[in-house]
Amino acid sequence: MPELPEVETTLRGIAPHLQDQIVSDVVIRNANLRWPIPKDLPKLLRGRTVRSLQRRAKYLLVAFDHGTLILHLGMSGSLRILPHGTSAEKHDHFDLVLGNGELMRLRDPRRFGAVLWHEGDVAEHVLLAHLGPEPLSVEFDSKYLYDATRKRNAAIKLAIMDSQLVVGVGNIYANEALFRAGIRPQLAANKVSRPRCKRLVQAIKEVLREAIKQGGSSLRDFIHSDGSSGYFQQHYFVYGRKDEACKQCRTPIKHIKQGQRSSFYCPQCQK
DNA sequence: CGCCAGGCCTGCACGC
DNA sequence: TGCGTGCAGGCCTGGC
């Protein structure tokens with residue numbers, strides 16, 4: 001379940017292997033991801049050089065001179081670097097074969113992910129054009145969050161998970177950040193005061209930074225093993241801890257549904 | 001067997 | 001009219 005830290009870790013893992021490499025081939029085994037993988041991708045990329053790699057929200061952007069490969073891991077996707085000739089398994093849908101004897105392989109059992117191609121300025125792509133600021137940027141500060149939530153009557157948790165407001169805050173980190181900020185997930189966004197917006201921004205940055213740091217420490221494992229190794233084992237204060245004792249006050253953690261998603265909170269620590 | 005998890009786009013209804 | 005907002009549905013598989 002890649003959230004932003006996992007995507008960032010993936011970027012750091014694959015970047016050194018792809019940077020300045022020539023694509024020798026593209027293999028599409030199953031084009032039926034969230035959107036179809038473009039059929040002409042092999043033709044488009046063969047013989048072309050990877051110029052740079054970036055992340056925007058949870059999208060990985062692989063830039064070539066003539067366009068950008070856009071990758072999204074959806075909810076079950078992972079990328080690995082493997083030697084040429086490594087046999088593909090059941091859910092290995094896409095390979096980028098490189099001139100250095102390696103290949104980058106996308107595995108995605110649930111196929112919520114995406115592999116797309118865009119010519120021209122990638123920031124103008126429909127999927128990227130309306131995205132809010134990066135959570136770790138200076139642009140995402142308490143003033144921004146306060147202003148952006150004034151007209152929002154919806155719950156604060158739904159607001160921080162809205163990619164038009166801020167990108168990259170998935171369900172787990174939304175829950176954890178709200179706990180750290182002492183805010184109930186169901187509180188209306190426009191009722192969150194300035195000081196609490198400040199705490200929330202700090203908490204979001206904190207949980208994401210910690211997770212990225214953790215990811216970095218197991219980067220080698222991540223790249224060479226099954227893509228789901230220990231880099232995600234942050235200790236959670238509330239996520240998935242229904243009825244368990246709050247780590248701060250021992251009150252049982254509550255579980256509710258918001259927007260068809262699970263929310264967890266401590267009724268004592270979060271108001 | 002049924003249900004749930006996850007990201008997030010899409011479509012619809014609503015109010016200003 | 002058009003926009004922002006809010007909400008539900010859908011995609012898909014593995015694990016319980």
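These numbers were taken from a predicted model, which means no experiment stands behind them. Proteins come first, then strands; the chains are lettered A, B, ... in the order of their sequence lines, and each starts at number 1.
- Proximity of a side-chain donor or acceptor of K191(A) to a complementary backbone N or O of A155(A) within less than 3.5 Å is not detected.
- A salt bridge links D65(A) with R51(A): the distance from a Lys NZ or Arg NE/NH1/NH2 to an Asp or Glu carboxylate oxygen falls below 4.0 Å.
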Across nucleotides 9-16 of chain C, 5' to 3', mark each nucleotide with B, S or - according to how protein heavy atoms within less than 4.0 Å reach it. BBBBBS--
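- Atom pair N171(A):CG and dA5(B):P shows a separation of 9 Å (rounding to whole Å applied).
- Here the nucleotide nearest the side chain of R152(A), chosen from dG6(C), dC7(C), dC9(B), is dG6(C).
- Taking the charged nitrogens against the carboxylate oxygens, E8(A) and R12(A) do have a contact shorter than 4.0 Å, which makes a salt bridge.
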Scan nucleotides 11-16 of chain B nucleotide by nucleotide, 5' to 3', and note B when protein non-hydrogen atoms come under 4.0 Å of the base, S if they reach only the sugar-phosphate, - if neither. ------
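- Side-chain contact between K242(A) and F264(A) is present, with heavy atoms from C-beta onward closer than 4.5 Å.
- The cationic group of R184(A) does not satisfy the cation-pi geometry with Y265(A), failing either the under 6.0 Å distance to the six-membered ring centre or the 45° limit from the ring axis.
- The closest donor-acceptor contact from the side chain of H17(A) to the backbone of M104(A) lies at 3.5 Å or more, if one exists at all.
- Taking CZ of R107(A) as the start and CG of D95(A) as the end, the distance is 10.5 Å to the nearest 0.5 Å.
- Between the NZ atom in K58(A) and the CG atom in L131(A) there is a gap of 11.0 Å [rounded to 0.5 Å].
- A 6.0 Å sphere centred on NZ of K198(A) holds no more than 12 heavy atoms belonging to other residues, nucleotides or ligands.
- Between Q164(A) and G259(A), the residue whose closest nucleotide on DNA chain C is further toward the 5' end is Q164(A).
- The residue N153(A) sits close only to the backbone: its heavy atoms come under 4.0 Å of sugar-phosphate atoms, none of a base.
- Taking every heavy atom of residues 113-131 of chain A and every atom of DNA chain C, no pair lies under 4.0 Å.
- A straight line from CD of E6(A) to C1' of dA5(B) spans 15 Å, rounded to a whole angstrom.
- The distance between atom NZ of K157(A) and atom P of dG6(C), rounded to the nearest whole Å, is 15 Å.
- Across the interface with DNA chain B, nearest-nucleotide mapping of S262(A) and S163(A) shows S262(A) to be the residue nearer the 5′ end.
- The 12-atom threshold is exceeded at NZ of K271(A), counting heavy atoms of other residues, nucleotides or ligands nearer than 6.0 Å.
- Side chain to side chain, N100(A) and E102(A) meet the donor-acceptor criterion of an N or O pair below 3.5 Å.
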